[in-house]
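Every chain is numbered from 1 and lettered A, B, ... according to where its sequence line falls, protein lines coming before strand lines.
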Amino acid sequence: MSDTPSTPSAPATPVLEMADVRKSFGPVAALRSGTMTVESGSIHALVGENGAGKSTLVKIVAGVHRRDGGTLRFEGADVDFTSTAESKGAGIAVIYQEPTLFPDLSVTENIFMGRQPLGRGRRIDRAAMLKETTEIFERLGVDIDPRRPALGLSIADQQIIEIAKAISLDARLLIMDEPTAALSGVEVERLFAVARSLRDEGRGLVFISHRFEEVFALCDRVTVMRDGAYVATTDIATTTPDAIVEMMVGREVGELFPKTVATIGEPVLEVRGLRSAGTFRDISFDVRAGEIVGLAGLVGAGRSEIARAVFGVDAYDAGTVTMRGKKVRPRRPRAAIAAGMAFVPEDRRKQGLVVDASVARNVASVIRRQLSSLGLLTGRAENKASGPWAGRLEVKTNALDMAATTMSGGNQQKVVIAKWLATEPQLLIIDEPTRGIDVGTKAEVHRLLSDLAGQGLAILMISSELPEVLGMADRVLVVREGQITAELDRTEATPESVMKAATAGAVPTELTPVLPDALLKEVGA
Amino acid sequence: GGDDGGSGGGGGDDATITFLPKNLGNPYFDASSTGGQNAVDAFGGSFEEVGPTEATPDAQVPFINTAAQQGVGALVISANDPTALGDALEEARDAGVKVVTFDSDVDAEYRDVFINQASAEGIAKAQVDLVAEQIGGEGEVAILSAAANATNQNAWIDLMEEELAASYPDIELVETVYGDDDDQTSFDKTAALLQTHPNLKGIISPTTVGIAAAARYLSTSDFKGQVALTGLGTPDQMRPFIEDGTVTAFALWNPEELGYLAAYAAHALIDGDITGEEGDTFEAGDLGEYTVGENGEVILGEPTVFNADNIDDFSF
Amino acid sequence: MSASTPTKTPLTKRPAGGGDGSARTYASYARPAWQRLLLTRETAIIALLVVVLVWANVNVPNFDGPLTVYYLFLDLMPILLIALPMTLIIITGEIDLSVASTVALTSAFTGVLFTDAGFSFPVAALAAIAIGAVCGAFNGFLVGYVGLPSLAVTIGTLALYRGIAVGLLGTEAKTGFPDEWADRVTDRIGETSYPQGLVVFLVLAVVFALLLHFSSFGRGVFEIGLNDEAARFSGVDVARTKLVLFMLAGAVSGLAGVYYTLRFDLSRGDSATGMELQVIAAVLLGGVSIFGGRGALHGVIAGVLLIGVIASAMRLEGQTQNVTNIVTGVLLIASVIIPRLLSWASGRLPRRTRGDT
Amino acid sequence: MSATLTKSAPTPGAGGGTPGRGAAVRGALGGALRSREIAVAVVLLVVVAVATVRNDSFLLSADGWRDLLLTPSILLLLAAGQMMVIVTRSVDLSVGSTMALTAYLTGRLFIDVPGIPIIVVVLAGVALGAVLGLVNGVLVAYGQVPALVITLGTMYVYRGIMLTWAGSDRINAGDMPSGFLALGTKQVLTIPLLTIVAVAVVAVVGYYLHTARSGRELYAIGSDPDAAKLYGLKVPTRVLTAFVLCGALAGLAGVVHAARYGTVSSGVGNGIELQAVGAAVIGGVAIFGGSGTVWGAAIGAVLLVTINRALPILGIPDFWQRAVVGALILGAVVLDRVLALRQSRKYDEEREG
Ligand SMILES: Nc1ncnc2c1ncn2[C@@H]1O[C@H](COP(=O)(O)OP(=O)(O)OP(=O)(O)O)[C@@H](O)[C@H]1O
Ligand SMILES: Nc1ncnc2c1ncn2[C@@H]1O[C@H](COP(=O)(O)OP(=O)(O)OP(=O)(O)O)[C@@H](O)[C@H]1O
Ligand SMILES: [Mg+2]
Ligand SMILES: [Mg+2]
């Protein structure tokens, strides 16, 4: 593959032109002026903080939402899609932020649902469908049985199905909303190769990501959004990550990894010989007071599974978990909580929060037993207890009885953290602390973790973002295929050493280099 | 009131008489209610029919309660259970409502009068005699009843067993099944009976729903003409099966007359002509005079046996 | 771990973006109290109940008589009782279709234990309630621990429990239960027209209301309904909660079975046929979301009473059961469709598009 | 589980609380009959075989053979319709009442319009059923309210309408032409006509669900309604279609009921809705949509009916039949879970290996 981002040829024809597109959901102005022009034969990045309106913009192009105003032109003609079927028909393929597969149906059917090839008598031509799927998979170099149900696929594989779906559409505009969020280096590589070949065929692509290294590795132009509005469009070649960050945030971002060196105390958590069939084995490690231990590895390596087993959400087959010398009962999150553990899970909308419940109830949800008197619990007690914690974390909400649904991802993450800090834990397990969180909030979360460690909290942090692990952890454990393959001290941990342990050798070289200076400052690589 | 010349006088002419059958939509009770309506039309007053959709005692109770609330003159009821309705009926009587049971009784303490279609022994014997005659006095027979808890059916079945043992030792009662007075269940139970007992010679179905469903199944089956079917049925429902030979004879009293008599008894109670004491007599319009017997029972008469010769004379 | 406020040291420094240095404070509620209390589904149902009551008192002959209230509560008692645990179950997003069968089964057991086994009535009744709890525990085990869908499980036990009840008694109907116990249930409280059994219900209603709305367990019930995975991650024992709820439903159904036995002086296998759907209809009418996560007990009680009052008024008007059923059905549909229409009209269709079942 | 695709847990009754890592795997393996249907079919064969050994007239007599095939036909129609609705993650509790209404309409037409051609009556029954299904469908699909609530409501309403309409009338065998009633038992090469109709309906439904785009979309909608929307599938239209088809089949079942039983009384179809759901569940149709075949539902229906008929022959008293049916449904649900766990273990092993 030719990797140099090709500069867009001067008179490229625009596939997609959007100007001043607006969309409100009730009182929420999700998109105030969406403006973007995508040329055919180019890859266009769309970046912005969480809640900047990127996904909303995408969904308007796709016909999921109808716009309230503004113009939308596809291949030179005004369009107004009322359903995703119409946009598909017009030649637009979209990979949504959340994979949207039908778990009960076969992989092949998932790819072709709603537009299966028809044979005689308008019957679905299953053979043709299967053949085409096999061809696409070959092109993508993936090894998934096209006949198996989508149920049980890993996120990475699901994302690959999404990509296959988009490719099979043979679309002239392909929009990918954070397609790499769950992919490992190798898979990202493969995706990029496909993206480039599609570009070279003259199609237009839109690529949304929070990872600048990817944006700079893949894209030709970049559009920045902030607070639902267009900020600027520039050629990638003429800009820098720092400049983009500034446009996104509208202010200067403080230090991203404010790691202070803490005094490390006694072991708080001791895990010995933990094993779960099919997921992980021989897992032994300690986390000490004041220490941040990073669990690094590729997506699907089993890090979240280890954390879930330690916290007792999942069962394990063998091994022990000990907190401050006392064995913790397996499979009982409540026992883990009583022992002083707190767990901020990776999927905050599904696992971390009850999004339809109020901020107060969410924050008080673990401590509410202590808030009861004579077994009775009042809303007043919950409000009283949760208010200060929400305030401490600067949660942005009008009132404590607002449902968490309405909040941005970063704010939701703060609510989750508040909920667990309210339990005054001795160990905080935090899985993907900043996944899908914008740069500004990220820095806040990192500062918080650092402060907490400074106060003697033991922290086990799982992160797929290498800079985050390297920037924050005192010690890095690398997990590969369910086993700990390396234990690296803060000084030994470099992108190369971690990636090597995570991948058993083959390090994708391309993705490491382009990091904003702000990020690199603390990595010390 | 009292200005209507149709009755024997007294103060209850404009009182409401409420009929509460076991359930609505049952042709047998449709006929009895028609009789009740005719009687009320004759002696003046107002007639109402209420009832549950399912023939269970718990569903009947709210209607008894409502009658008590309304303070109707009399409640004429066919009970889904002999005791379960007791408290509710007592409350109704405390509120001044006269209680007449017909077709299916409650314990005597809970009502004023019971209008019996025929003596239980008479009903049981009539059916046993019919089936014995049709199968030649020997062989296996089975019973297809209504609900498992149906009071009068269960009483008849007991008496039929006694009668069989006493008079027809060669006839063996092999099984009793319950069709719940539901067409489909009765139909399917008939099929199961015939299959389970290949040597079956006759079926007795002491319920109008059951006999009609059984006849319908038999008429389309190999067993038509080989297995005798008799019991209690309405002529209208059974006419096609008499015509096609599935059934030769069955019995029933006239439910219209039953309702008619019950309404007159209610009227007599309201007027104070009778109290339900043994020996009380009252006039029942076209049916003539009736006397209250033992236990407050009034007996309509012996059941009529219907067959090809006489069925066209009846319509109910 | 103890309930705490983060007073010790500030956990975060000022974020780069702004803020005045002190931690934020928040209003407890976004809307004024009267709005929170009055603009609810529950209030709407209670208002409707009051309207119907007033209307019936004025227009329906004999409705204002002293017997109306007495019979209303006698008739509604089993539904009122079972609606309590059913509310909690539906709030967790589950459903229990087997309650009416459990009523029949426990009534049958009361009869068998009292009449055939010679137990004293209180012992037979307690045993029946325990059997109800066991029936519920079986449902709860399959739903909570085996993870089977409650709709399918309780359709199965609906048939199973009813089948055992019918099988146990066959053609028999047990009667002759002690009058003094029946009187305790059906006698009036003093000079009022309320049956004494109502006291049992009121006590249970208070207990269930505290459990659901003022306890940690109750918060867990709502959390499970809204997001059971998140509930599990915060230490709620989802399986055990469901087990407990189904057990409660079974035990309360057992109590209702004993009530049935006493009220009708009768134990039969076909008691309470179809009552499960009446209970569920009343609960849903009372504002509980079938998706789980939303509902309140006072709304449910109003829902049960509303159905009962309408049925009572219509019987007094001489309407047949059919018309009452039509009204009940229309009301049930309206109770879910009208809020939809309103929110649609106000231009903000709720974003929630979960399963349709 | 977080990392693998699991089924979104709809309420009520989602097994979301499955402890541990028991990701429910209920995959449609290609279009082939899965072990689920075969398991039920084997149970059915065993039941028939045992009953026949006990009493050979169960299968070998002319009546036995006919009833074996004929009796399930009504439930077969209902289960096929119910299955289509369940697969879209809905449920239709009003089918029993729909059936009652159309059965009554059938009789009414024969009484009120003497000499009306039978085919017109059949079509009228189906059409009325479809209209009733349409009402359900519109409320569910466009009102976006749970089907359980809506169809519980229409169950009451439809039956109330039927009872009010019928009043104290009912339809007797004498009210309907013998040509129509003969359809109830007519046989073609020893196979009852009604069975042929029911099986043909099942075959058409099966063919439709397997080979038509809109058929596959029903599965997709049930599998994940949100995803279906993002795919641009016409979710409301499809759900509506499923309800209309279900209603139409319930309508046909009503006509069949009239022909087969010869009488129409107030109790027609009482409680049969739960049997139809039970048949689908026994046949392996996931109660929360997305998977299962109409063949499974059909075999489930036949098994349910046949077990009921076989129990007396097996010497199990009348009264215990319902208990056995309940145990059967529970057994089927548990079996589903066991198969699913085995499947998910298989995927785990695949990933490991
Ligand atoms: N259906 C909806 N109803 C109400 N508000 C919505 C809806 N969809 C999005 N929003 C709100 O609109 C804003 C923009 O959301 P959007 O998903 O477009 O952000 P994004 O840029 O994609 O963020 P991220 O990087 O986290 O994916 C957010 O405040 C979000 O809460
Ligand atoms: N290629 C694959 N296909 C399907 N499942 C996989 C694959 N690789 C790993 N898994 C499964 O994924 C699970 C571990 O994934 P998980 O996402 O929890 O790991 P992780 O390292 O925590 O990644 P993440 O960055 O998403 O947190 C295990 O159950 C494992 O069996
Ligand atoms: Mg987004
Ligand atoms: Mg993870």
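- Relative ring orientation between A/F74 and A/F81 is described as perpendicular, the plane-to-plane angle rising above 60° on a 0-90° scale split at 30° and 60°.
- Other residues, nucleotides and ligands contribute more than 12 heavy atoms inside 6.0 Å of the CD atom of A/E86.
- When heavy atoms are compared at a cutoff of 4.5 Å, D/A212 approaches chain A solely by way of its backbone atoms N, CA, C and O.
- When each of A/T84, A/V64, A/T108, A/N110 is scored by its heavy-atom pairs under 4.5 Å with chain D, the top score falls to A/T84.
- Closest heavy-atom contact between A/L101 and A/E162: CD2-OE2, 3.6 Å.
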Exercise for review: For D/V140 and D/S90, run side chain to side chain contact (heavy atoms under 4.5 Å, CB included): C-alpha distance rounded to whole Å, both residues' side-chain angles, the deciding distance at 0.1 Å, then the answer.
Suggested key: CA-CA 9 Å; D/V140 172; D/S90 286; 4.2 Å; yes

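- For A/R122, the part lying under 4.5 angstrom from a heavy atom of chain D is the backbone only.
- Between chain D and the residues A/G114, A/A309, A/G121, A/G63, the most heavy-atom pairs under 4.5 angstrom are made by A/G114.
- Side-chain contact of D/E37 with D/T293: a donor-acceptor pair under 3.5 Å is present, judged by distance alone.
- Neither the backbone nor the side chain of A/K350 comes within contact range of chain D; no heavy atom of the residue lies under 4.5 Å from a heavy atom of that chain.
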